[in-house]
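Worksheet: one structure, shown below.
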Number of protein chains: 2
Amino acid sequence: MDSLLEILSVDTEAVTKTIKKKEILQKQGIVSKNAFYVKKGLIRSYSIDEKGKEHIFMFGSEGWIIADLESNVFNRPTELYIDCIEDGEIVSFSLEYFNSENLSIEKLRKNSKLLTRRIGSLQRRVIQLMSSSAKERYKIFIETYPHIPKRIPQKMIASYLGITPEALSKIRGQL
Amino acid sequence: MDSLLEILSVDTEAVTKTIKKKEILQKQGIVSKNAFYVKKGLIRSYSIDEKGKEHIFMFGSEGWIIADLESNVFNRPTELYIDCIEDGEIVSFSLEYFNSENLSIEKLRKNSKLLTRRIGSLQRRVIQLMSSSAKERYKIFIETYPHIPKRIPQKMIASYLGITPEALSKIRGQL
DNA sequence: TTTATTTCTTAATCTAGATTAATAGTATGG
DNA sequence: CCATACTATTAATCTAGATTAAGAAATAAA
């Protein structure tokens, strides 16, 4: 993913920031234009429903970008919180940057590839949520992101999978 | 979405094709580089799981593009079938086109916006699948795509929502 | 180290939605 | 037009995963 760093390197306004575990980078309900590039550490984006339950949308470890594109694109208040799971460093920058005049054609092209890649992953996630059992989704998760489970509490895996911690505990007992 | 047509207009190899209801445009299991732009009619993409159950990933009506980006980006065999729900016309073209040398910087920029938009919609879909009941998802669907329900059988709505036709029938009875 | 807080597990009960099955309504093609 | 195949509805039963509750482990804080 160094193509991403290249893209960012042109951004004069982007600043590296030290982050602490549990620090909140973005709250639900605002209209956000910000994206967070993770240099070091681990962050997550999640929504909280009417019943107060957390649903993790995605994790971002080293080299990843987290942003609430839905809020940005449709100009709606964010559905997502973004906060830090580990101490680390992030680069925070404006999403508008991706379409700015400054970007060369090669950078735009690389950026398109990254976007397409993310669509591919989301396609997979949607199909999985519709067609696989919780146990299957768990197995796929630990295969797809083998480095993540060690760094987060069980209950966050459950939240990402769309099940309760109790259900995950039962599944793990079965394996 | 005329920006999309603009992008396509440069593609000399793209050809408009007449399609018939039930015609299959793409089968599961191949590595696909194709995208389908809908000029007229209605198509859908869907996967079939081990139990033989269909799961509709998305519908494409006039002006939309349907493609299996996961297959394309990660070079995996497709998980998706694509077929026609109504007679109509499509333009079939290669996905490589989106990153080709022919594209001007403005076209690339417009293309990025379209990709970002799709990520936004998918984000919404994932969060919904994790946090909303079937009844809520049904209500949101008919609000978000009011023109689609009239054109498709009930069981396809159920398939898109991730529930059985029987469950949808019960929900509709309650409203 | 001791205490407080958060996380994980186990078990009993409950429920949304799945499955199965039977019936009736609706298209569709010959 | 009829016959065959889809499509929708209703009802009985079943099950994956939710909810509730309580105790054990692990972390963090003091």
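By convention in this document, chain letters (A, B, ...) are assigned in the order of the sequence lines, proteins followed by strands, and residues within each chain are numbered from 1.
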Under 3.5 Å, side chain of B:Ser159 to main-chain N/O of B:Ile56, donor-acceptor pair present?
-> yes

B:Ile85 and B:Ile48: same hydrophobic cluster, using ILVMFWY side-chain contacts below 4.5 Å?
-> yes

Angle, rounded to 10°, between the helical axes spanning five pairs at each terminus of the helix from C:dT9-D:dA22 to C:dG30-D:dC1?
-> 40°

Is any NZ, NE, NH1 or NH2 atom of the basic residue among B:Glu166 and B:Lys155 found under 4.0 Å from an Asp or Glu carboxylate oxygen of the other?
-> no

Is the distance between the ring centroids of B:Tyr46 and B:Tyr81 under 6.0 Å?
-> yes

Would B:Asp68 and B:Thr78 count as having a side-chain donor-acceptor pair, cut-off 3.5 Å?
-> no

Reading nucleotides 24-30 of chain D from 5' to 3' and marking B where a protein heavy atom lies under 4.0 Å of the base, S where only the sugar-phosphate is that close, and - otherwise, the string is ----S--

Could you encode protein contacts along nucleotides 3-21 of chain C as a string, one character per nucleotide from 5' to 3', using B for base contact, S for sugar-phosphate-only contact and - for no contact, with a heavy-atom cut-off of under 4.0 Å?
-> ----SSBB------BSBBB

Tell me, yes or no, whether the heavy-atom count around B:Lys33 atom NZ, taken from other residues, nucleotides or ligands under 6.0 Å, exceeds 12.
-> yes

Can you name the residues that form a salt bridge (Lys or Arg N to Asp or Glu O under 4.0 Å) with B:Lys27, not counting sequence neighbours?
-> none

Salt-bridged, A:Lys22 to A:Glu86, with N to O below 4.0 Å?
-> no

Qualifying salt bridge (Lys or Arg N to Asp or Glu O under 4.0 Å) pairs with a residue from residues 121-130 of chain B, counting only residues at least two apart or across chains | A:Glu70-B:Arg124, A:Glu79-B:Arg124

Pairwise ring pair (Phe, Tyr, Trp, His ring centres under 6.0 Å) hits with a residue in residues 148-175 of chain B, at least two apart = B:Phe59-B:Tyr160, B:Phe141-B:Tyr160

